[in-house]
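Presented below is the structure to which this report refers.
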There are 2 protein chains.
Amino acid sequence: MVSRVESAAATRRALVEAAAELLDEGGPDAVTLRAVGGRAGVSRGAPYGHFPDKEHLLAAVATKSWEAVRERLDALITDRGRAPSERLEQALTGLMEVGRRHPHAYALMFAAPTAEHPEAVAAVSRTHDQFLTIIADVIGDPQRARPIGGLLMSSVHGIVAMENGGHLTPEKWQTTGDELVKLLIDRIA
Amino acid sequence: MVSRVESAAATRRALVEAAAELLDEGGPDAVTLRAVGGRAGVSRGAPYGHFPDKEHLLAAVATKSWEAVRERLDALITDRGRAPSERLEQALTGLMEVGRRHPHAYALMFAAPTAEHPEAVAAVSRTHDQFLTIIADVIGDPQRARPIGGLLMSSVHGIVAMENGGHLTPEKWQTTGDELVKLLIDRIA
DNA sequence: GCGGTTCATGTGACGTTGTCAAGTGAGTCG
DNA sequence: CGACTCACTTGACAACGTCACATGAACCGC
């Protein structure tokens, strides 16, 4: 019923999910290989059968998070019932939502992926491509869409990062992240 | 000549500087209390005479970095030889420059300062105020300057963060961080 | 000057962490 | 059914943050 390779793949999935859960619940310090193994139902050394080191496990978590965002964008692109501008707004606010709901995982997604994690780099690239697809539908010229897309992506990320870092206090800036995204789309897209 | 409190203050300064140097040179993993003490010329336990724990030492590094940025802005504001718009551009590109030259310290500056570090929060607030001063000189209405300032600050931070994380590749977005800052100022300020 | 006090620093120790090497046992195949 | 494979367990080690205690020089009242 459960072949050996299937159970190995299941363990790998369980390890990544356990790491993601621990990251969500307790931040980076809570992600211990011992805790990850424990939650996944294996021992502390088991992860080394699936990942060369802790960094690669975290890269797998980042990859999974990026893939989840990409799937949201896929659904958005497939849904032909919405106007392009509406899709763009939903794409950007969707990213902000992820950053708010899973701040630590979000920070991990935007941390520098060392060149030793090609799968993470590929997942980021695929997701960015979907962003560009959505943006190009709003901006007619696909040549102009790329820099505009870079600015939108960077700006929204900055807003989320400032929010999560506690640097975007309403008292200081007299505004909120949501308002800034609206203002951004208004001025840029 | 060197009183006891003076030498203690000097040691504290040396510890913060050593931590900042190690952070620049080897990233967060290189900042161990043993290495910090060693570079500052004291033992591994000496930092505990000046900081309750490692986190507070890092908060002092972040505070110092923010103060350095604020001093740059102070000089920019005092310099009456420049047009307000030029001052704004220099303020934003100056922040980007800091992010490029000291990526790890920059990341530390924008990490979430827990409420237990009021000095760090105060340094951030003071620096943001100077940003707002410069921005208000460009935007006439000081009421409108605050949200605009929040958007500019967040966006530039996002650009720097994307750059440092390797997520702003020219091939993908057909642009650079410098171009995006220019585009941002053009559209927003 | 001088004895007692204060306090920054040095040192030994402990629990935890990431990591590796050796061992183990269940699943797999001829 | 026997030998092999391979994911997993366990023991061990160095490094880390942190604490308790020891030390010695700078300070202060006399």
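Residue numbering restarts at 1 for every chain, and letters A, B, ... go by the order of the sequence lines.
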**Asked** Contact class for B/Ala8 vs. all strands (heavy atom < 4.0 Å): base, sugar-phosphate, or nothing?
**Response** sugar-phosphate

**Request:** For side chain to side chain contact (heavy atoms under 4.5 Å, CB included), just list the numbers for A/Ile148 and A/Val138, CA-CA rounded to whole Å, side-chain angles, deciding distance to a tenth of an Å, and then say yes or no.
**Result:** CA-CA 11 Å; A/Ile148 297 288; A/Val138 177; over 6 Å; no

**Message:** Using whole Å, what does the distance between atom P of nucleotide D/dT18 and atom CG of B/Asp53 come to?
**Reply:** 5 Å

**Prompt:** Do the ring planes of B/His157 and B/Phe110 sit parallel (below 30°), tilted (30 to 60°) or perpendicular (above 60°)?
**Reply:** parallel

**Message:** Please report the distance, rounded to the nearest Å, between CZ in A/Phe51 and P in D/dA7.
**Reply:** 13 Å

**Request:** Name the closest nucleotide to the A/His50 side chain, picking from D/dC8, C/dT19, C/dT9.
**Result:** D/dC8

**Asked** With a 4.5 Å heavy-atom cut-off, do A/Val69 and A/Met109 have their side chains touching?
**Response** yes

**Item:** Cluster link A/Trp66 to A/Leu15, ILVMFWY, side chain under 4.5 Å
**Value:** no

**Message:** Please confirm whether the shortest side-chain N or O distance from B/Thr11 to OP1 or OP2 of C/dA8 is below 4.0 Å.
**Reply:** no

**Asked** Considering only heavy atoms from C-beta outward, does the side chain of B/Pro28 approach that of B/His104 to under 4.5 Å?
**Response** yes

**Prompt:** Should the ring pair A/His117 and A/His56 be called parallel, tilted or perpendicular, given that the plane angle runs from 0 to 90° and is split at 30 and 60?
**Reply:** perpendicular

**Item:** Per-nucleotide protein contact string for nucleotides 11-16 of chain D, where B marks a base within reach and S marks sugar-phosphate only (heavy atoms under 4.0 Å, - for neither)
**Value:** BB---B

